[in-house]
Amino acid sequence: MSFTINSHHRSFKSLHLPLKIFIFNSTFSRHLTSCSNRSSNSIDAESFFTFLLQKSTRKVHLSQIQNHLIVHGLQSNGFVITKFINRSFELKEIDYARQVFDEFPDRHVFLWNAVIRGYSMHKMFDKVIEMYSAMQIAFVNPDAFTFPYVLKACGDLPELGFGRAVHAQILRHGFDNDAFLRNGLLSFYVKCDESVSARVVFDQMKVKDVVSWTLIVSGYVQNGEAVEALRVLRNMRESGVNLDWIASVSALKACSDIGDLNQGRCLHGLVIRMGYELEPDLRVALVSLYAKCGEATAARSLFYEAKVVDVMLWNSIISGFAKSGYASEALELFNQMIGRSIRPDAVTIQSSVLASAQIGSLEQAKRMECYVNASSYRHDGVIRTALIDMYAKCGSVELARRVFNHTTTKDVVVWSAMIMSYGINGWGRDALALFHEMKMAGVCPNEVTFLGLITACSHSGLVEEGWEVFHSMRGYGVEPRQKHYGSIVDMLGRAGDLGKAYRFIEAMPVDPGASVWGALLSACEVHRSVWLGERAAERLLSLGAFDAGHHVLMSNLYASVGLWGGVDRVRELMRSRGVCKDSGCSAVEICGA
DNA sequence: GTAGGGTTAG
């Protein structure tokens, strides 16, 4: 152990501490003895107490130290008290730290920062904001270290209005050229989904470092604009800023979001050239990319060759496999994990429940529910939602409902999942009744609730009711989106009213997207409407969204009316565009096997 | 003592 005696600017007297009083803990007293032996005559009071604070591990140590500060007249030494407050927060003695602060007469900005930092450390963001406000009332000027914590609090809560006011105060206090704070502001606007303000802050930056670029890239990724994110990333490299490993993580996430395996592979190569391939957290992003894109071999080798295998790495491969048609592999890995006594977390379980849903086996679903019920996550809202969805996908509305009934706190997501469960299984009336019940319970519907309701009407032939739901959305403050329009087209198409579906698309207030034309195309396939099907296919082609499934629909449509020339044209198109038909499969469970 | 990332239900 080394203990250097610092010479601080403050003067001090030789200390005569009755050290025996400190002897309540052998480790703590050992430090004290060692310390006092080394500096027997005169020691720096501040350094001594700083050292003591570092070695204290319990509240009783803190209160002993506090007593001695008083004895030695250091109770109003701001330097020591700041350290004292920092250590109290580190030891999770939050109320105690606050009490010391409240009782301190001369509150310098450092002291305020210590309390604000402490609350931030414990994610008590409302307290951060409360202290920042109190600081202003006390006429203490914040410094460059105050704002980052306050901005983080505003971003995490999120508290857009307050954050905007903080932005104004940063300008007023003359910190507008502080590069660190500009990145903090950017982070705040990104977290609040304020892409316009984020962009303004970003564009006004004189110096954009890799952090600034990473923030704006992750903002686009968060917004579902992965293509734009990758474009910005190219700009970054063109402007001479190199990717570091964190920026690479965001870039890889953008690739996996849009399934751009080629660009992902290029980035992987770049990452290797830059020497980041062993970075454990980057490996999570790589495994996730390959697993989500269905590159099972690549994902596995990266996984098994990893030096650090933490829960997140397990999660990345399990959830990636669950989403890319490798559900049984995902469950196999989940079992391996349990076999090796590695504790799954909520994300692991969510992903494994999803994998069970994809498999579609009721027996597996029941096993999964048993596992959840025996775990500490049995009341986790997200996992209960996943269980409801799982049973619905395995065809058991009753078991989904049982999970729903046993869920104590039902948020809008849980209600929506149950409505969707009824919907996809054709229990339209029950979905509508549950929606009514949900409103009675005072829960506000969101866009997914309406998607579930329209799906329910669509799958049950309740066309009138579906229209009614669709037209009522805005009354609940929910703007219809592409998926809702697509779902209505699907509903009209299933009912055989292709003309009405087409007119509905024509009258849409927003440009119809791929989901809308895709819904029309599949309705055309069912009802053998070649003319309209060709219109839909043309639009999908021009949107660049004519995928393998659409080729198959078109080919089947031509075949169903005997237009074999059309079938050949589609086949030729598939060959020329390098599209492969995804191998489809269906599973039937017999006696639980 | 200050800013960026990855796994995550409907």
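Chain A is the first sequence line, chain B the second, and so forth, proteins listed ahead of strands; every chain is numbered from 1.
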| query | Which residue, A/Phe162, A/Trp112, A/Tyr119, forms the side-chain contact (heavy atoms from CB on, under 4.5 Å) with A/Tyr132? | reply | A/Phe162

| Residue pairs, two or more places apart or on separate chains, that pass salt bridge (Lys or Arg N to Asp or Glu O under 4.0 Å) and touch residues 380-399 of chain A | A/Asp389-A/Lys393

| said: For a quick check of understanding: with a heavy-atom distance under 4.0 Å over all strands, which category does A/Phe188 fall into, base, sugar-phosphate or nothing? | reply: nothing

| query | Which residue pairs pass the side-chain hydrogen bond (donor to acceptor under 3.5 Å, both in side chains) test with at least one member in residues 241-252 of chain A, sequence neighbours excluded? | reply | none

| remark: In the 5' to 3' direction, the nucleotides of DNA chain B bounding the stretch that comes under 4.0 Å of a heavy atom in chain A are B/dG1 to B/dG10

| Looking at residues at least two apart in the chain, or sitting in another chain, which of them share a ring-ring contact (aromatic ring centres under 6.0 Å, His included) with A/Phe321? | A/Tyr326

| query | When the ring planes of A/His173 and A/Phe147 are compared, do they come out parallel, tilted or perpendicular, using 30° and 60° as the limits? | reply | tilted

| request: Taking ring-ring contact (aromatic ring centres under 6.0 Å, His included) as the test, write out the residues that go with A/Phe125, two or more places apart. | output: none

| query | Going by number, which of residues 370-388 of chain A have a non-hydrogen atom under 4.0 Å from DNA chain B? | reply | A/Val382, A/Thr385

| request: Identify whether any heavy atom of A/Trp245 sits under 4.0 Å from a base atom; if not, whether one sits that close to sugar-phosphate; answer base, sugar-phosphate or nothing. | output: base

| query | Base, sugar-phosphate, or nothing for A/Lys292, non-hydrogen atoms under 4.0 angstrom? | reply | sugar-phosphate

| note | By side-chain contact (heavy atoms from CB on, under 4.5 Å), A/Ser328 pairs with (sequence neighbours left out) A/Ile359

| query | What are the residues of residues 171-187 of chain A, sorted by number, that bring a heavy atom to within less than 4.0 Å of DNA chain B? | reply | A/Phe180, A/Asn183, A/Ser187

| message | Please confirm whether the ring centroid of A/His167 lies under 6.0 Å from the ring centroid of A/Phe188. | response | no

| query | Do the side-chain N and O atoms of A/Asp345 and A/Thr348 include a donor-acceptor pair separated by under 3.5 angstrom? | reply | yes

| field | Listed once per pair and sorted, the side-chain hydrogen bond (donor to acceptor under 3.5 Å, both in side chains) pairs that draw on residues 408-419 of chain A, sequence neighbours left out | value | A/Ser416-A/Thr449

| field | Residue-level proximity of residues 201-210 of chain A to DNA chain B when a heavy atom falls under 4.0 Å | value | A/Asp209, A/Val210

| Going by the side-chain hydrogen bond (donor to acceptor under 3.5 Å, both in side chains) test, which pairs reach into residues 268-286 of chain A, not counting sequence neighbours? | A/His268-A/Tyr290

| task | For A/Lys410, answer base if it contacts any base atom (sugar-phosphate contacts may also be present), sugar-phosphate if it contacts only those atoms, and nothing otherwise; contact means non-hydrogen atoms under 4.0 Å. | result | nothing

| Counting distance only, does the side-chain N/O of A/Ser288 pair as donor-acceptor with the main-chain N or O of A/Val284 below 3.5 Å? | no

| request: Quick one: list whatever passes ring-ring contact (aromatic ring centres under 6.0 Å, His included) with A/Tyr371, sequence neighbours left out. | output: A/Phe334

| request: Would you mind classifying the nucleic acid contact of A/Met312 as base, sugar-phosphate or nothing, using non-hydrogen atoms under 4.0 angstrom? | output: base

| task | Determine the contact category for A/Ser416: base if any of its heavy atoms lies under 4.0 Å from a base atom, sugar-phosphate if only primed atoms, P, OP1 or OP2 are that close, otherwise nothing. | result | base

